[in-house]
Amino acid sequence: GPFVGAAVRPVGGWISDKVGGSIVTQVISAVMVVASVAVGYVMMQAYGSATPEQYFPAFLALFVVLFFASGVGNGSTFRTIGVIFDRTQAGPVLGWTSAVAAYGAFVAPIVIGDQIKAGTPQHAMYGFAVFYALCLVLNWWFYLRANAYVKNP
């Protein structure tokens with residue numbers, strides 16, 4: 001999964017150069033909401049099934065979609081930072097964003113692991129979906145709406 005995300009990160013930047021970073025981030029956030037809910041649903045079905053292995057292909061495919069989307073989103077976010085901020089601000093903002101991203105990569109497995117131990121891993125995925133939906137709204141509010149703070153398609 002992390003390899004897929006890292007491999008497609010440049011693709012996210014390239015698409016963002018063509019279409020616009022905020023637009024790509026918006027679409028990718030929607031994909032991540034849907035994929036997270038779908039993973040949660042598949043996990044719930046697997047936990048309640050006598051043959052959970054039948055759900056593994058769907059689980060794996062959806063997680064690959066999540067990693068793919070996170071890589072594209074990472075590329076679009078970093079492209080957007082370079083457009084929104086001037087040279088003196090972009091470096092520190094990129095550093096702070098990288099630190100937050102690293103923290104997320106630390107927290108997500110812990111949250112999922114705790115929910116697996118509790119027998120409700122779908123709750124972690126639904127929580128991530130809510131987070132991605134919040135990111136979608138914030139991206140729209142600050143960059144895409146008519147009176148946006150910084151118009152950045």
Side-chain angles (χ1 to χ4, degrees), residues 1-45 55-116 121-153:
F3 174 76
V4 170
V8 300
R9 183 176 184 260
V11 173
W14 179 78
I15 294 170
S16 296
D17 286 340
K18 305 291 182 210
V19 177
S22 296
I23 292 170
V24 173
T25 301
Q26 194 75 357
V27 170
I28 288 302
S29 295
V31 168
M32 292 177 77
V33 168
V34 171
S36 293
V37 169
V39 168
Y41 178 77
V42 167
M43 292 172 97
M44 186 177 63
Q45 294 299 310
Y55 294 96
F56 184 73
F59 169 82
L60 181 61
L62 288 166
F63 249 99
V64 169
V65 167
L66 274 171
F67 278 106
F68 181 89
S70 71
V72 172
N74 185 288
S76 69
T77 299
F78 279 81
R79 184 270 183 189
T80 298
I81 290 169
V83 170
I84 294 172
F85 296 95
D86 65 34
R87 288 184 168 255
T88 60
Q89 294 174 321
V93 172
L94 287 169
W96 183 84
T97 304
S98 297
V100 171
Y103 183 71
F106 168 76
V107 169
I110 292 172
V111 170
I112 293 170
D114 287 348
Q115 289 302 307
I116 288 172
Q122 69 275 12
H123 292 173
M125 300 313 298
Y126 297 152
F128 293 145
V130 169
F131 172 74
Y132 300 140
L134 175 63
C135 292
L136 189 137
V137 169
L138 288 173
N139 184 64
W140 171 80
W141 180 262
F142 285 102
Y143 305 118
L144 293 174
R145 69 185 170 95
N147 296 329
Y149 173 71
V150 175
K151 196 68 174 164
N152 176 39

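No experiment lies behind these values; they were computed from the predicted model shown. For the numbers below, each heavy atom of this structure counts, side chains included, while hydrogens, waters and symmetry mates do not.
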message: Counting only heavy atoms not in Tyr41 (residues, nucleotides, ligands), do more than 12 fall under 6.0 Å from its OH?
response: no
task: For Phe131, look at atom CZ and say whether over 12 heavy atoms of other residues, nucleotides or ligands are found less than 6.0 Å away.
output: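 No - once you tally the heavy atoms of other residues, nucleotides and ligands closer than 6.0 Å, there are 12 at most.
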Output the distance between atom [atom1] ([X]) and atom [atom2] ([Y]), rounded to the nearest 0.5 Å.
X: Gln122; Y: Ile116; atom1: CD; atom2: CD1; answer: 10.5 Å
X: Ile28; Y: Asn74; atom1: CD1; atom2: CG; answer: 11.5 Å
X: Met43; Y: Ile112; atom1: CE; atom2: CD1; answer: 6.5 Å
X: Phe68; Y: Met32; atom1: CZ; atom2: CE; answer: 12.0 Å
X: Tyr143; Y: Thr25; atom1: OH; atom2: OG1; answer: 9.5 Å
X: Ser29; Y: Asn139; atom1: OG; atom2: CG; answer: 6.0 Å

message: Would the distance check show the side chain of Arg145 and the main-chain N or O of Trp141 forming a donor-acceptor pair, the cut-off being under 3.5 Å?
response: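 Checked: pair present.
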field: Listed partners of Phe78 passing ring-ring contact (aromatic ring centres under 6.0 Å, His included), at least two apart
entry: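 In terms of ring-ring contact (aromatic ring centres under 6.0 Å, His included), with neighbours along the sequence ignored, Phe78 is linked to no residue.
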- request: Apply the test side-chain contact (heavy atoms from CB on, under 4.5 Å) to residues Tyr132 and Leu136: give CA-CA distance (whole Å), side-chain angles for both, the deciding distance (0.1 Å), then the verdict.
  value: CA-CA 6 Å; Tyr132 300 140; Leu136 189 137; over 6 Å; no
Quick check: closest heavy atoms across [X] and [Y], and the distance to 0.1 Å?
X: Ser76; Y: Ser16; value: CB-OG, 3.0 Å
X: Ile81; Y: Ala90; value: CG2-O, 4.1 Å
X: Ala35; Y: Leu62; value: CB-O, 4.4 Å

Can you find a heavy atom in the side chain of [X] that is under 4.5 Å from one in the side chain of [Y]?
X: Ile15; Y: Lys18; answer: no
X: Val8; Y: Phe67; answer: no
X: Asp17; Y: Arg79; answer: yes
X: Tyr126; Y: Ser36; answer: no
X: Arg9; Y: Thr77; answer: no
X: His123; Y: Phe128; answer: no

message: Apply side-chain contact (heavy atoms from CB on, under 4.5 Å) to residues Phe59 and Gln45 and explain how you reach the verdict.
response: CA-CA 10 Å; Phe59 169 82; Gln45 294 299 310; over 6 Å; no
query: What salt bridge (Lys or Arg N to Asp or Glu O under 4.0 Å) pairs are there with at least one residue in residues 55-76, not counting sequence neighbours?
result: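 Of all non-adjacent pairs touching residues 55-76, none passes salt bridge (Lys or Arg N to Asp or Glu O under 4.0 Å).
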